[in-house]
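Each remark here refers to the structure printed beneath this line.
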Amino acid sequence: MRIGFRFRWIPFMATVLMVALGISLAQWQERRAAEKMAQEAQQAAGNSAAPVILGPQPLAVAAVEFRRVLVTGQFVPDWAMYLENRPYRGRAGFYLLMPFKIAGSSMHVLVERGWLPRNAAERERMATYATPRGMVTIEGIAKRNVGHVMQLGVAAPLRPNAIVQNADIAQVARACGLPFQPFVLEQTSMAAQGDAQLVRDWPAPSAGADKHRAYAFQWYALALMAFLFFVFTGYRRATN
């Protein structure tokens, strides 16, 4: 039986596009995994360094990102905000955001205070948590932002006690009219007794690196399958 290959332009072009798309998306997922691992290494280095003492002078994000930061001041509980769609161990919940006024100044830093569970029956009914009054010193990890989730529907306006899906520092500053440091503090310390209602088991920056590698494998597999399908069908047509 004669063995040959029947070349066709349309299947060839479709295969080239599928292979190129698969490889491109796989490489993008590999880069995302590498970024997560680099962030983990950067945070590990920051955790081993002496903490930065935060004052009223604005600090560049690059100078403090993933570093431990100590700051003294007081919370502004009137401007609490809740980031929804932040699950923890399979449970739906919120991240609590709150401005923190730095002692002896009008400067603030936005603090992610912790995670709160969502009330299944009443979405807007928050779990009870304590906010210390007066001067306290807290410690946290400096982050570029609070993270971003897919926006569903029209974004709600930022206001005190708002439930929102996303919020950045510039938006918060405009909404409440307060000056902020250009980074967020992911609080790690206990500010006061009763603060334990807030879960501070923050995900590591590398969380998701394995997921990105798995996605990369899937896209490489898709590219390979497209190529093999083109070759197999070409030989099959040639022998018919």
- [ ] Evaluate the side-chain proximity of Leu54 to Leu59: yes if any heavy-atom separation is below 4.5 Å, no if none is.
- [x] yes

Open item on the list: Would you say that Leu158 contacts Val172 through its side chain, given a criterion of any heavy-atom pair below 4.5 Å between the two side chains?
Closed with: yes

Open item on the list: Same cluster or not: Trp28 versus Leu21, using hydrophobic residues (I, L, V, M, F, W, Y) connected whenever any side-chain heavy atoms lie under 4.5 Å apart?
Closed with: no

Open item on the list: Quick check against the 3.5 Å criterion: does Gln181 have a side-chain atom that pairs as donor or acceptor with the backbone of Gly55?
Closed with: yes

Open item on the list: If I take atom CG from residue Leu97 and atom CG from residue Leu110, how far apart are they, to the nearest 0.5 angstrom?
Closed with: 5.0 Å

Task: Heavy-atom pair of closest approach, residues Arg200 and Gly114 - done: CG-CA, 4.3 Å

TODO: Could you state whether Met225 and Leu25 fall into the same hydrophobic cluster, counting links through intermediate Ile, Leu, Val, Met, Phe, Trp or Tyr residues with side-chain heavy atoms under 4.5 angstrom apart?
DONE: no

Task: Main-chain N/O of Pro11 paired with Thr15 side-chain donor or acceptor, under 3.5 Å - done: yes

TODO: Indicate yes or no for a side-chain donor-acceptor contact from Lys101 to the backbone of Ser105 under 3.5 Å, with no hydrogens or angles considered.
DONE: yes

- [ ] For the residue pair Tyr88 and Trp115, categorise the inter-ring angle as parallel (less than 30°), tilted (30 to 60°) or perpendicular (more than 60°).
- [x] tilted

Task: Pairwise distance CE(Met81) to CZ(Arg159) - rounded to 0.5 angstrom - done: 11.5 Å

- [ ] Provide the closest heavy-atom pair for Ala209 versus Met37 in the form atom of the first, atom of the second, distance.
- [x] CB-SD, 3.9 Å

Open item on the list: Looking at every non-hydrogen atom in both residues, tell me the closest pair between Arg67 and Ala50 and how far apart they are.
Closed with: NH2-O, 2.8 Å

Open item on the list: Looking at Thr188 and Glu139, would you say the former's side chain and the latter's main chain have a donor-acceptor pair under 3.5 Å?
Closed with: yes

TODO: Please examine the side chains of Arg118 and Phe94, heavy atoms only from C-beta on, and report whether any two atoms are closer than 4.5 Å.
DONE: yes

Task: Residue pair Phe75 / Pro99, side-chain heavy-atom distance below 4.5 Å - done: no

Task: Met126 side chain near Ile163 side chain, heavy-atom distance below 4.5 Å - done: yes

Open item on the list: Is there a side-chain contact between Phe180 and Leu178 in this structure, where contact means two heavy atoms from C-beta onward sitting under 4.5 Å apart?
Closed with: yes

- [ ] Flag the pair Val61 / Pro182 as yes when at least one side-chain heavy-atom distance between them is below 4.5 Å, and no otherwise.
- [x] yes

TODO: Apply side-chain contact (heavy atoms from CB on, under 4.5 Å) to Arg68 and Val52, showing your working.
DONE: CA-CA 6 Å; Arg68 291 185 298 133; Val52 175; over 6 Å; no

Task: Ring centroid separation Trp202 to Tyr95 under 6.0 Å - done: yes

- [ ] Enter the distance from Gln57:CD to Ile102:CD1 here, rounded to the nearest 0.5 Å.
- [x] 8.5 Å

Task: Side chains of Val71 and Phe100 in contact at under 4.5 Å (non-hydrogen atoms) - done: yes

Task: Hydrophobic cluster identity match, Leu96 and Val109, side-chain contacts under 4.5 Å - done: yes

Task: Ionic contact status for Arg213 with Glu30, cut-off 4.0 Å - done: no

Open item on the list: Can you confirm whether Tyr220 is buried at OH, in the sense that more than 12 heavy atoms of other residues, nucleotides or ligands lie under 6.0 Å from that atom?
Closed with: yes

Task: Tyr215 atom OH, over 12 foreign heavy atoms within 6.0 Å - done: no

- [ ] Look up atom CZ in Arg31 and atom CD in Glu35, then write down how far apart they are to the nearest 0.5 Å.
- [x] 8.0 Å

Open item on the list: Are Val199 and Val184 linked, directly or through intermediate hydrophobic residues, by side-chain heavy-atom contacts shorter than 4.5 Å (ILVMFWY only)?
Closed with: yes

Task: Whether over 12 other heavy atoms sit under 6.0 Å from Arg123 CZ - done: yes

Task: Asn145 side, atom CG; Phe183 side, atom CZ - distance, nearest 0.5 Å - done: 13.0 Å

TODO: Give a yes or no on whether Met13 and Phe230 share a hydrophobic cluster (residues Ile, Leu, Val, Met, Phe, Trp, Tyr; joining criterion: side-chain heavy atoms under 4.5 Å apart).
DONE: yes

Task: Stepwise side-chain contact (heavy atoms from CB on, under 4.5 Å) test for Trp79 and Met98 - done: CA-CA 6 Å; Trp79 260 98; Met98 192 175 289; over 6 Å; no

- [ ] Looking only at non-hydrogen atoms, find the nearest pair between Pro179 and Ser106 and report the distance.
- [x] CG-O, 3.1 Å

- [ ] Kindly say whether Ser189 contributes a backbone atom to a donor-acceptor pair with the side chain of Gln187 at under 3.5 angstrom?
- [x] yes

- [ ] Check whether any side-chain N or O of Gln171 sits under 3.5 Å from a backbone N or O of Asp168 as a donor-acceptor pair, and report yes or no.
- [x] yes

- [ ] Taking only Lys NZ, Arg NE, NH1 and NH2, and the carboxylate oxygens of Asp or Glu, determine whether Glu112 and Lys143 approach each other closer than 4.0 Å.
- [x] yes

Task: Shortest non-hydrogen contact from Gln74 toward Gly134 - done: CB-O, 3.4 Å

Task: Point-to-point distance, once rounded to the nearest 0.5 Å, from CG of Leu222 to CZ of Phe227 - done: 14.0 Å

Open item on the list: With a 6.0 Å cut-off (strictly less than), is the heavy-atom count around CD1 of Ile53, excluding the residue itself, greater than 12?
Closed with: yes

Task: Main-chain N/O of Glu84 paired with Arg86 side-chain donor or acceptor, under 3.5 Å - done: yes

Task: Between Thr131 and Arg113, a side-chain donor and acceptor under 3.5 Å - done: yes

TODO: Might you point out which heavy atoms bring Arg89 and Asp201 nearest each other, and give the distance in Å?
DONE: NH2-OD2, 3.4 Å

Task: Exam field: side chain Arg144 to backbone Phe66, donor-acceptor pair closer than 3.5 Å - done: no

